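Owing to the predicted nature of the structure, the values given are computational and were not obtained by experimental measurement.
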Amino acid sequence: MARIFYSLALIFISPLIVFYLYILRGKKNQGYRAHFKERFGFVSKSLFTVKTKPLVFHCASVGEVLAATPLIKALQKAHPNLNILITCNTPTGREQILNQFKNTVACSYLPIDFPFATARFLKRIKPQALCILETELWPNLMAISHKKNIPVLVINARLSEKSQQGYQKVAKLTHIIMRSITVLASHNKADAERFIELGLETSKSHVTGSIKFDITPSDEQLAEVLNLKQLYSINKNSSNEHINDERFVWVAGSTHPIEHELVLSAHQELLKKQPNALLIIAPRHPEQFEKVAELLTQSSLSFSRRSQNNYNNEQVLLADTLGELQCLYGAANVSFIGGSLIRRGGHNPLESAAFSVGVITGPHTYNFDHVYPELIKLKGAVVVDSNDELAKQLITFSQNTKACQTLGIKAAQCVAKNQGAIQKTLTIINQYLEPKP
């Protein structure tokens, strides 16, 4: 009965959902209007022409795609003939899938959780198993999969106390979700216990750690980092041609509105002490690229755009490209991870830490409360409460190279210490793969 009411409510507000996705989001990003039929389960026939049933991974957006990439590539290496479909919710997530996997996987949007759309999707795809990243727990998707005897694996699962309280408010619907889970691989024991308190059978729960720690820069990425350092770390205005006059470079990654302004303000303060410092600012969403360019145009800061590849010693580089943020982190002295000076919950600091680049974050990191406490404890990250504190911290690191390098070393040590989740997760997934025909 709870799922019936949920489905009816979803159908009732469906005009608003379509208006939001196609009109509002589509106006800002045309990618929301492309492949729109997939939102209703009308996936392309080309996705299910392969004889073997696909293993489906659902990654909500860019962050989940990046986190899942090492896991999926390890799975591809172990099972070269495995048919994999990766679903997502956003155009940026879709583009990241294409960037990471080219044509080695199929890709589509996950349908909106209407019962008819989900049923159509599952009927067409006929997955051998469904792997859901983190907490994308859609009741109809999971319940219908369970009814069709499709294993539902929730991997890299996390559940904050706040989210747990939200699920408790819709207990009957939550019970359906928990009953539909075949196996759950969680970040830590506390996360596992929260799922169990919501009704998950204890025997279905496994603690594997976070796959986000299992990030290792590839040879190609390291080569690209060296190239970026040559482009941006050397002060081209140096009067001594025989000295590599390296400038202080910091990356502000995944920044949001309001935060853009705070970051630019902090950089202006830094320039008073370090006139040659460079800020590389990478807005979280592509629709923010032009807005940040406008902010920079209206400011006193000189800037160039990464997409135009015409950098000439400007004070700011606008990273208005996709798929390059990890390498840009690697080219920096220190990074600031956005979504944290405002109440957005922060973004993944491990993409920076894996390159031995230390992290500065604001106080709002609840989206990564399974990562930041350990990173801060091991002194690979520092917390600032405002743009003024951010500026002071940047000035400190620009004047104390050793302290900045130590922060990066500690960050990388934190990553290495917590690795191993991918192998544990692969062991679980392998149990649900259908035998080769």
Taking every heavy atom of Lys410 against every heavy atom of Lys379, the minimum-distance pair comes out as CB-O, 3.1 Å

Taking salt bridge (Lys or Arg N to Asp or Glu O under 4.0 Å) as the test, write out the residues that go with Arg194, two or more places apart. Glu161, Asp191

Could Arg120 and Phe40 be counted as a cation-pi pair, given that NZ or CZ must be under 6.0 Å from the ring centre and within 45° of the axis? no

Mind checking what makes salt bridge (Lys or Arg N to Asp or Glu O under 4.0 Å) contact with Glu287, not counting sequence neighbours? Arg25

By salt bridge (Lys or Arg N to Asp or Glu O under 4.0 Å), Glu197 pairs with (sequence neighbours left out) none

Closest heavy-atom contact between Gly420 and Asp214? N-OD1, 2.8 Å

Among residues at least two apart in sequence or on other chains, which ones pass ring-ring contact (aromatic ring centres under 6.0 Å, His included) with Phe101? none

List for me each residue that meets ring-ring contact (aromatic ring centres under 6.0 Å, His included) alongside His256, sequence neighbours excluded, and say none if there are none. His285, His347

Got a sec, which residues hit salt bridge (Lys or Arg N to Asp or Glu O under 4.0 Å) with Arg305, two or more places apart in sequence or on another chain? Glu290, Asp320

With sequence neighbours left out, what residues match Tyr6 under ring-ring contact (aromatic ring centres under 6.0 Å, His included)? none

Would you list the pairs meeting ring pair (Phe, Tyr, Trp, His ring centres under 6.0 Å) in which at least one residue belongs to residues 168-213, sequence neighbours left out? His187-His370

Would you mind writing out the side-chain donor-acceptor pairs for residues 54-75 within the sub-3.5 Å range, not counting sequence neighbours?
unit_1 : atom_1 : unit_2 : atom_2 : d
His58  : ND1    : Thr87  : O      : 3.4
His58  : ND1    : Thr87  : OG1    : 2.8
His58  : NE2    : Glu136 : OE1    : 3.0
Ser61  : OG     : Thr90  : OG1    : 2.8
Glu64  : OE1    : Ser61  : N      : 3.0
Thr69  : OG1    : Val65  : O      : 2.7
Lys73  : NZ     : Gln100 : O      : 3.3

Mind checking ring-ring contact (aromatic ring centres under 6.0 Å, His included) for Tyr22 and listing every partner two or more places apart, or none if nothing turns up? Phe36

For Pro127 and Leu122 the tightest heavy-atom approach is CD-O, 3.8 Å

Residues that Thr182 engages under side chain to side chain donor-acceptor pair (under 3.5 Å), provided they are two or more places apart: none

Does any part of the side chain of Thr104, heavy atoms only, come nearer than 4.5 Å to the side chain of Gln76, both counted from C-beta? yes

When you look at Glu389 and Ser386, which way does the side-chain hydrogen bond (donor to acceptor under 3.5 Å, both in side chains) test go after all the steps? CA-CA 5 Å; Glu389 285 192 21; Ser386 65; 4.6 Å; no

For residues 113-166, pull every pair meeting ring pair (Phe, Tyr, Trp, His ring centres under 6.0 Å), keeping only residues two or more places apart or in separate chains. Phe114-Phe116

